[in-house]
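Report on the structure given below.
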Amino acid sequence: MTTTADPQGTPVHRDTGTSADIDTGTGYELPPPVSDPVLTEVDRGTPTGEMLRRYWHPFALASDAGSTPREVELLGEKLILYRDGRGRVGLLHARCCHRGTTLYYGRVERDGIRCCYHGWLFDHEGHTLDMPCEPEGGRHRDRHRQPWYPVVDYHGMLFTYMGPPGHRPPFPTYDVLDDPPPGHQITPNDDNIGLQDRTTPCNWFQTHENVMDPFHVFILHAAFSGNQFVPQMGALPEVSWHFTEFGVKSHQDRVLDDGRFFHRATEVLMPNVRIVASPFVDSTGKSDSVAWSVPINRTTTKIMTLLSRPAGRPLQRALHDGKRWEDLTPAEHQRFPGDYEA
Ligand code: FES
Ligand SMILES: [Fe+2]
């Protein structure tokens with residue numbers, strides 16, 4: 001008999017019937033699954049949720065904000081995104097501060113979004129501009145504010161800050177995006193098709209730590225599934241890890257078949273920024289992209305990427321047996337797995 005405890009501390013008893021002549025290690029002895037809520041919970045009031053709320057996060061493309069309200073989920077909060085008739089982007093809590101109707105059914109007007117139920121009109125900072133059922137359009141409308149978040153459009157990607165207003169940090173900028181080589185353009189990667197983007201069904205930390213796992217590139221992206229990038233990435237690298245001022249980086253050094261030395265670095269900046277050198281080995285010098293592991297909620301994550309590339313050059317995609325990931329059949333996903341499947 002073994003006695004363990006489940007995550008709530010309740011004793012779990014098992015009679016494994018173990019004796020010297022019985023082979024063990026079967027699934028029956030598997031301890032109950034556990035998660036680490038300190039890292040994976042992202043709601044307000046949780047340790048990681050509060051930590052992440054001290055940073056700006058991308059959540060959609062600028063082109064996602066239009067005259068039809070769109071649902072957004074970020075850090076476990078349900079929000080509504082729109083762009084008013086003056087071009088201002090609004091990111092408001094989904095539930096109307098009057099009676100809780102979702103603003104998804106609202107109407108976008110010149111000055112803001114109007115709730116479908118009693119017609120309260122809110123601007124992009126949540127101010128109530130009109131209460132049409134009240135005398136004089138609402139004598140006390142300045143007492144009612146729809147919860148809102150600030151939005152910044154950075155190279156066509158929308159970012160917001162969801163933390164305490166008094167701790168809002170300056171908007172971060174990156175030299176590879178703000179000071180690109182002549183002739184380069186900055187765009188969201190086309191893996192980021194905005195709110196339609198595919199999300200990953202795991203917590204943000206699980207996908208984020210993949211950036212510091214350089215050995216899987218040699219196996220998953222080359223030896224196992226065929227070269228998904230370029231042949232040079234298929235050589236087994238010498239790997240070392242280094243702490244930096246803002247996080248951790250790994251160096252991957254390869255000697256190529258033609259004798260050339262290939263040095264590559266990937267880096268994470270705390271808490272959720274990822275700097276991954278192009279796996280297509282088409283540029284030297286600084287990395288040409290900045291990406292974020294964005295927690296949608298505690299079990300769903302989205303990677304959002306801003307990329308610097310020569311204007312007009314098509315975006316490069318990982319190929320699985322010559323096909324793009326979204327074009328694979330279920331059988332091909334099984335035979336040519338990539339990061340998502342792993
Ligand atoms: S519920 Fe939105 S105006 Fe009444
Ligand atoms: Fe990968």
Side-chain angles (χ1 to χ4, degrees), residues 69 78-80 82 90 92-109 111-123 126-135 137-148 189 191 198 200 202 204-230 232-237 239 249-250 252 254 264-268 274-281 287 289 291-293 301-303 305 316-320 324-325 328 333 336-342:
K78 300 277 202 313
L79 308 168
I80 295 296
Y82 68 93
L92 306 183
H93 248 258
R95 295 288 175 180
C96 177
C97 65
H98 181 215
R99 295 284 305 282
T101 294
T102 170
L103 296 176
Y104 176 75
Y105 298 105
R107 184 173 67 211
V108 176
E109 302 186 357
D111 294 322
I113 186 169
R114 191 179 292 277
C115 178
C116 70
Y117 202 10
H118 311 94
W120 289 20
L121 176 68
F122 306 109
D123 75 5
H127 299 106
T128 306
L129 305 178
D130 187 26
M131 301 160 75
C133 304
E134 308 294 325
R139 285 185 210 125
H140 304 301
R141 55 181 178 265
D142 54 355
R143 292 185 193 166
H144 305 280
R145 194 151 178 195
Q146 179 65 15
W148 65 288
N189 191 342
D191 275 349
R198 68 173 191 259
T200 307
C202 64
W204 74 282
F205 202 77
Q206 196 165 14
T207 181
H208 198 49
E209 68 179 3
N210 179 50
V211 181
M212 280 301 109
D213 184 338
F215 284 110
H216 87 275
V217 175
F218 167 69
I219 300 297
L220 177 72
H221 297 300
F224 193 92
S225 297
N227 267 317
Q228 294 178 348
F229 304 124
V230 291
Q232 295 95 308
M233 294 289 286
L236 179 64
V239 175
K249 65 181 174 182
S250 90
Q252 305 126 51
R254 294 169 167 90
R264 185 167 183 264
T266 53
E267 186 169 0
V268 290
R274 31 202 295 154
I275 312 288
V276 178
S278 168
F280 300 101
V281 197
S287 169
S289 72
W292 291 259
S293 301
T301 305
K302 176 155 70 177
I303 310 294
T305 308
Q316 293 166 293
R317 298 287 308 272
L319 294 177
H320 305 242
R324 300 186 310 172
W325 183 89
L328 298 179
H333 278 292
F336 306 105
D339 286 318
Y340 183 95
E341 289 77 14

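For ligands, and for the atoms within them, numbers begin at 1 and follow the listed sequence.
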To atom 4 (Fe) of ligand 1, the closest N, O or S atom belonging to His98 is ND1
Are Pro69 and Leu103 close enough that some pair of their side-chain heavy atoms sits under 4.5 Å apart?
-> no
closest protein heavy atom to atom 1 (S) of ligand 1 is Arg99 N, 3.3 Å
Are any N, O or S atoms from Cys96 nearer to atom 2 (Fe) of ligand 1 than 2.8 Å? yes
*asked:* Please determine whether side-chain contact (heavy atoms from CB on, under 4.5 Å) holds for the pair Ser287 and Val276, giving the CA-CA distance in whole Å, both sets of side-chain angles, and the decisive distance to 0.1 Å.
replied: CA-CA 7 Å; Ser287 169; Val276 178; 5.8 Å; no
What one should report as the nearest heavy-atom pair of Pro279 and Val230 is O-CG2, 3.5 Å
Under 4.5 Å between any side-chain heavy atoms of Leu92 and Tyr82, yes or no? yes
Closest to atom 4 (Fe) of ligand 1 among protein heavy atoms sits His118 ND1, 2.0 Å
Once the angle between the rings of His118 and His98 is folded into 0 to 90°, is it parallel (under 30°), tilted (30 to 60°) or perpendicular (over 60°)? perpendicular
Practice problem: Answer yes or no: is there a side-chain heavy-atom contact under 4.5 Å between Arg145 and Phe122? | Solution: no
Between the CG atom in Leu220 and the OG atom in Ser225, the distance rounded to the nearest 0.5 Å is 5.0 Å
Quick note on ligand 1: atoms under 4.0 Å from a heavy atom of Gly119 include exactly 3 (S)
Taking only non-hydrogen atoms of Cys115 and a 4.0 Å limit, the atoms of ligand 1 in range are 1 (S), 2 (Fe), 3 (S)
Counting from 1 in the order shown, the ligand 1 atoms closer than 4.0 Å to a non-hydrogen atom of Thr101 are 1 (S)
Numbered in order shown, the ligand 1 atoms found under 4.0 Å of a heavy atom of Trp120 are 3 (S)
So the angle subtended at the Fe ion (ligand 2) by Asp339 atom OD2 and His216 atom NE2, rounded to 10 degrees, is 150°
